[in-house]
**Student:** 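I'd like to ask you about the structure that follows.
In what follows, every chain begins at residue 1, and chains take the letters A, B, ... in the order their sequences are listed.
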Amino acid sequence: MKRTKIAELLTFEPQGQELLVKGWVRTFRNNQFLALNDGSTIKNLQVVVDFQRMDEAILKKLSTGACVSAKGTLVASPAKGQSAELKATELQLLGESDAEVFPLQPKKHSLEFLREIAHLRFRTNTFGAVFRVRHALAYAIHSFFHQRGFYYIHTPIITGSDAEGAGEMFQVTTLPLLQIPFNKENGQVNFQDDFFGKATNLTVSGQLEAELAALALGEVYTFGPTFRAENSNTSRHLAEFWMIEPEVAFNELDDNMDLAEDLLKYCIRFAMDHCADDLEFLQQRLVEEDKTKPQEERNAMPLLEKLRFVTDQPFARITYTEAVEILKNSNTNKKGKFKYPVEGWGIDLQSEHERYLVEKHFQKPVILTDYPAQIKAFYMRMNDDGKTVRAMDILFPGIGEIVGGSQREERLQHLQNRMKAMHIPEEELWWYLETRKFGTCPHSGFGLGFERLIMFVTGMGNVRDVIAFPRTPKNAEF
RNA sequence: UCCUCCUUAGCUCAGUUGGUUAGAGCACAUGACUGUUAAUCAUGGGGUCCCUGGUUCAAGCCCAGGAGGGGGAGCCA
């Protein structure tokens, strides 16, 4: 008999039909009631065991975590809690789970503890929900871009350039660490002897390569792993994370903002439409968690309401200059409540400033544009004022920067000037500069942090809990 | 990297002014139970008090150094 997934089974009208299910035991109550989960849904199937007729040796081993196969008939449940249940006629133990050492219990565990057993945390309700939502969001991203005629480009993970301008890089080498070949004349490493014959790194961004594709295919995006060797110890940073980077020919900054806003809203709606049960559970989890917190640290609104709030109204759009004015004139600033007082134009905005704009002043996502050139990357297009660049950052409540993007500098001379000013050697990026020599055009793009999007949608507070096997400084277990 | 808090049973945590044999709930084991919903009831076992060193008649508690973790900051997505 073919196995029926629990998600599908729960849509059936119970009429005594004979079915086969397989899954893992969550609890076994009253010597009769087996809560079985197979990952297809957050809901468990109640399998009812006739313990007088069942082999006692098997009953003994129906402990939390065990894997079983159950054949039986689907009947209406006489008790509250579920509408249908499977009356077992045959029970097979596929894999036992010694209850004395299995670490998961039918109770609430701390996320910190579950992080230490990341190989087993998939088996909890919370992580089951998070990873189903993660999948739905990944699918939504491809679906969104495909519908709009974008092409999915696979940019390299190992890169030969170390001037992508997005942070510290991990080196990739096969050179023996104890016997690195040095050039005696200049004391440098002889990368001619290395695997690629030159120094290579793990990518920090696929943007530059995506630009090459956009200037031929028109509308493209990348969606892949990205690596940053920054010593960042926060709940929002990973050394290995996934990023979505669209790049669009002929788009200017306003088009870029529209695209990013549409993408975010599409993904959030997609999750609400396809993961209702999981989001309902995650929302309830947050409500319970809030009960243990002081009033001022609690969420202003329940998860689903927060998501609807974001999808149903336009994001605020202001320039950096306007933002500085708002901050400068805010009561918080006047009363000296900012740790970094806002004194004038040109400062880099601190987390507390971004939070004030998003959570206090606008109370919705904010797109900040036209930053001072000196605090932004070399490839961003210079405005006519000669002081600001066409950058845009999208700030989300509780997350901070979720998107960072810009209209790119398409004019060769301007680009070369900026690279010179920021000490980026032209020979490293000769191939990038050629796009500006041969048929250059205005174009724009952005990077969306996939884990940050998942954090927002699931309400999880730490990036390490929305990726299966988080890589952070001093941690690459599993 | 900086600031700050934490580390006691498998988990979550209590442990008074430094003082006898370190506690609770859950989990686990054994038994009971044919409608349970993180089932319930009874009984029981379970401790490198993070590590190293020091102060003291005496350290889970005080001091120093280290390790691991949380929260915040910087950098960013």
**Student:** Given the P atoms of B:U12 and B:U8, what is the spacing between them in whole Å?
**Tutor:**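 Nearest-Å result for B:U12 against B:U8 at atom P: 8 Å.
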
**Student:** Would you state whether a donor and an acceptor, one from the side chain of A:Arg29 and one from the base of B:C33, lie under 3.5 Å apart?
**Tutor:**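 By the distance-only test, no, there is no pair.
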
**Student:** In this structure, how many angstroms lie between the P atom of B:C76 and the OH atom of A:Tyr371, rounded?
**Tutor:**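 Atom-to-atom, A:Tyr371 to B:C76, this comes out as 11 Å.
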
**Student:** Base, sugar-phosphate, or nothing for A:Asp98, non-hydrogen atoms under 4.0 angstrom?
**Tutor:**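 No contact.
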
**Student:** Looking at A:Gln105 and B:U12, is any side-chain donor or acceptor paired with a base atom of the opposite kind under 3.5 Å?
**Tutor:**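 When only heavy-atom distances are counted, A:Gln105 does not reach the base of B:U12 through any donor-acceptor pair under 3.5 Å.
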
**Student:** Which one, B:C28, B:G35, B:A39, comes nearest to the side chain of A:Thr27?
**Tutor:**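 It is B:A39.
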
**Student:** With respect to the side chain of A:Ser77, which nucleotide from B:G35, B:G71, B:C11 is positioned closest?
**Tutor:**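 Of all the options, the side chain of A:Ser77 is nearest to B:G35.
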
**Student:** When only distance counts, do a donor and an acceptor, one from the side chain of A:Glu100 and one from the base of B:G10, lie under 3.5 Å apart?
**Tutor:**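 By the distance-only test, no, there is no pair.
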
**Student:** Answer yes or no on whether A:Lys61 is positioned over the face of A:Phe28, meaning its NZ or CZ is under 6.0 Å from the six-membered ring centre and within 45° of the axis.
**Tutor:**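 Not flagged: A:Lys61 not positioned over aromatic ring of A:Phe28.
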
**Student:** Roughly how far apart, to the nearest Å, are B:G10 and B:A73 at atom P?
**Tutor:**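 Straight-line distance between the two P atoms is 35 Å.
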
**Student:** Please determine, for the side chain of A:Ser351, which listed nucleotide (B:U37, B:G74, B:G71) has the closest atom?
**Tutor:**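 Closest nucleotide among those given: B:G74.
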
**Student:** A:Phe28 near the nucleic acid: base, sugar-phosphate alone, or nothing, with a heavy-atom cut-off under 4.0 Å?
**Tutor:**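 No contact.
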
**Student:** What is the ring orientation for A:His119 with A:Phe478, classed by angle as parallel under 30°, tilted 30 to 60°, or perpendicular over 60°?
**Tutor:**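 Parallel: the ring planes of A:His119 and A:Phe478 meet at under 30°.
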
**Student:** As a test of reading the structure: which of B:A73, B:A38, B:G70 is closest to the side chain of A:Pro106, going by heavy atoms?
**Tutor:**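 Nearest to the side-chain atoms of A:Pro106, counting from C-beta on, is B:A38.
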
**Student:** With rounding to whole Å, what would you report as the distance between B:A38 and B:C76 at their C1' atoms?
**Tutor:**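 One C1' to the other, the span is 40 Å.
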
**Student:** Measure from the ring center of A:Tyr152 to the ring center of A:Tyr221 and say whether it is less than 6.0 Å.
**Tutor:**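 When the ring centroids of A:Tyr152 and A:Tyr221 are compared, they turn out to be within the sub-6.0 Å range.
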
**Student:** When you compare B:G60 with B:C51, how far apart are their C1' atoms, in angstrom units rounded to a whole number?
**Tutor:**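 It comes out at 14 Å once rounded to the nearest Å.
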
**Student:** Can you check the distance between B:G45 and B:U30, where both ends of the measurement are the C1' atom (answer in whole Å)?
**Tutor:**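 Rounded to whole Å, the distance is 10 Å.
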
**Student:** Can you find an N or O donor on one side and an acceptor on the other, under 3.5 Å apart, linking the side chain of A:Glu85 with the base of B:G35?
**Tutor:**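 Per atom types, the contact qualifies.
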
**Student:** Nearest to the side chain of A:Asn231 - B:A73, B:U1, B:A77?
**Tutor:**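 It is B:U1.
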
**Student:** Does A:Phe241 reach a base, just sugar-phosphate, or nothing at all? Heavy atoms under 4.0 Å.
**Tutor:**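 It contacts base atoms.
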
**Student:** When the ring planes of A:Phe469 and A:Phe122 are compared, do they come out parallel, tilted or perpendicular, using 30° and 60° as the limits?
**Tutor:**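 A:Phe469 vs A:Phe122 ring planes: perpendicular.
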
**Student:** From CE of A:Met380 over to P of B:A77, roughly how many Å is that when rounded to an integer?
**Tutor:**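 Atom-to-atom, A:Met380 to B:A77, this comes out as 7 Å.
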
**Student:** Distance criterion of 3.5 Å, no angle test: do you see the side chain of A:His109 paired donor-to-acceptor with the base of B:C11?
**Tutor:**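 Side chain to base: no pair below 3.5 Å.
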
**Student:** Which whole number of Å gives the distance between the P atom of B:A14 and that of B:A9?
**Tutor:**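 Between the two P atoms, the distance is 12 Å.
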
**Student:** Once you apply a heavy-atom cut-off of 4.0 Å, does A:Ser232 come out as touching a base, just sugar-phosphate, or nothing?
**Tutor:**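 Base, at least one base heavy atom under 4.0 Å.
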
**Student:** What integer number of Å spans the P atoms of B:G70 and B:A29?
**Tutor:**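 Each nucleotide's P atom is 31 Å from the other's.
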
**Student:** Taking atom C1' in both B:G46 and B:A27, what distance in whole Å separates the two?
**Tutor:**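 It works out to 11 Å between them.
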
**Student:** Answer with base, sugar-phosphate or nothing: what part of the nucleic acid does A:Asn233 contact at a heavy-atom distance below 4.0 Å?
**Tutor:**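 Touches a base.
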
**Student:** Can you figure out which of B:U37, B:C33, B:G70 approaches the side chain of A:Ala79 most closely?
**Tutor:**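 Shortest atom-to-atom distance from the side chain points to B:U37.
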
**Student:** Nearest to the side chain of A:Arg236, heavy atoms from C-beta on, is which of B:C76, B:U12, B:G71?
**Tutor:**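 My answer, after comparing the listed nucleotides, is B:C76.
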
**Student:** Nearest-Å distance, CG (A:Leu104) to P (B:U12)?
**Tutor:**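 After rounding, the reported distance stands at 12 Å.
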
